[in-house]
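Reading through the structure tokens given below for one structure.
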Protein chains: 2
Amino acid sequence: MSSANDLREIALIEFSTTGYAGTSIHKIADAAGLSKSAVLYHFGSKEILLDAAIRPAIDELESILAELESTPFTTEFRGAFLDRFVDFLFVHRLEVNMFINQGPSLVDVPVIDRANDLVRRLATHVTSTMASVEEEMRFAIALGGAAYMLCAEHSLGLEAAPIGEAKTALITILTGLLAPIGVRQGD
Amino acid sequence: MSSANDLREIALIEFSTTGYAGTSIHKIADAAGLSKSAVLYHFGSKEILLDAAIRPAIDELESILAELESTPFTTEFRGAFLDRFVDFLFVHRLEVNMFINQGPSLVDVPVIDRANDLVRRLATHVTSTMASVEEEMRFAIALGGAAYMLCAEHSLGLEAAPIGEAKTALITILTGLLAPIGVRQGD
DNA sequence: ATAATATCTGACCGATCGGTCAGTATCTGT
DNA sequence: ACAGATACTGACCGATCGGTCAGATATTAT
């Protein structure tokens, strides 16, 4: 139907798996059955296409973070937050994988910079004030690990699992991973 | 001193952070204060340079895996294995980050294929036979999360931590993450 | 029917890519 | 001193990159 939307999705898949620098406009055009010029007609440049591909996910992450920052981070709210965040991870796994792994090398792209800022803000709000080294490590492993797992499931053996089961499993795992955050170590 | 070794290390850093496709031979040569031709004199091609950069890590991973596969995976051995594996992750964080994140897009490079195989073998031996979805997810999060965290620590706030403290913290985290593997769920 | 607009193509541009090659220092063993 | 590696440079090659542009085709509005 919509060529522009097709291109957005194809570009997202290619950028996420092969990398932004490793994906040519020609390859995206081929996958969509169009010419390179058609891609540049819909999106004025490769960078604009990247922006269009991941902007919706960044926008949603920003709204999640806005709600997180405006709510006291009680234990019961942490559960609700994790529910919403895991949903976000499942829907936008490719986008998250993109700016997690390629964020450092794409700092000059505005939408990537926004994403990097959001991740930093997320880290400071999920970890406690004066977070210990282990707390920051737990956060990083949870985020980077989930992003990797959700995009590597095909190369491992877990593609056929029902989504609901995978979601509850991920919530369980992340809850356990982040549980020691905010409690004094040694308790 | 040794230009070849300098180039190996520089290439590893560049490939890991900017990506293999996103790193030109010229950039590596510049960082080493040499010409592009000098790089191609020491390493006949870009792919040979990539091979040289990560082969030592792959070799060590293979020996770790060989020991793992020749030893019954008892609870006490799991602890010793995690010790050794965390050491490996700290020393070869860049290489691990490379073939974890860029492995799927570099399948045609033999040394990367070897690495992908090793990861698969590692997964089947760390998770129990007939591993559940959650077990496989735990393994993937542990591996991908550790690889991400160890390379993202600069962009987060934990670069100044003493190495020993970080290592014991990572062992603690991974032990907790992988603990439910092999035990019947619901206990 | 026709004018306008949206969609798309192929030819082309300069820049950069990985890689080759001839030639030049530099160092080393005799 | 000199012959032979070793280390390196700059010029060059074809291919591919992102991007521009003129024009063809299809769609829509009047």
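The sequence lines fix the lettering, A, B, ..., with proteins before strands; numbering per chain opens at 1. Quantities reported herein were computed from a predicted structural model and do not represent experimental measurements. What's counted below: heavy atoms across the whole structure, side chains too, no hydrogens, waters or symmetry copies.
Nucleic acid contact for Ser37(A): base, since at least one base atom lies under 4.0 Å from a heavy atom of the residue.
Side chains of Phe99(A) and Arg114(A) form no contact here, defined as non-hydrogen atoms less than 4.5 Å apart.
Not one N or O on the side chain of Glu14(A) forms a donor-acceptor pair closer than 3.5 Å with the backbone of Lys27(A). With Lys36(A) contributing its side chain and Ser24(A) its backbone, the two residues share no donor-acceptor pair below 3.5 Å.
Atom-to-atom, CG of Leu40(B) to P of dG10(D) comes out at 15 Å; the value is rounded to the nearest Å. Summarising the geometry, the separation between CG on Leu34(B) and C1' on dT6(D) is reported as 14 Å, rounded to the nearest angstrom.
Residues Arg120(B) and Asp117(B) are paired through a salt bridge, judged by an N-O separation under 4.0 Å between the basic side chain and the carboxylate.
Nucleotides of DNA chain C that come within less than 4.0 Å of any heavy atom of chain B span, from the 5' end to the 3' end, dC17(C) to dT20(C).
Separation of atoms CG (Leu170(B)) and CZ (Arg138(A)) is listed at 10.0 Å; rounding is to 0.5 Å.
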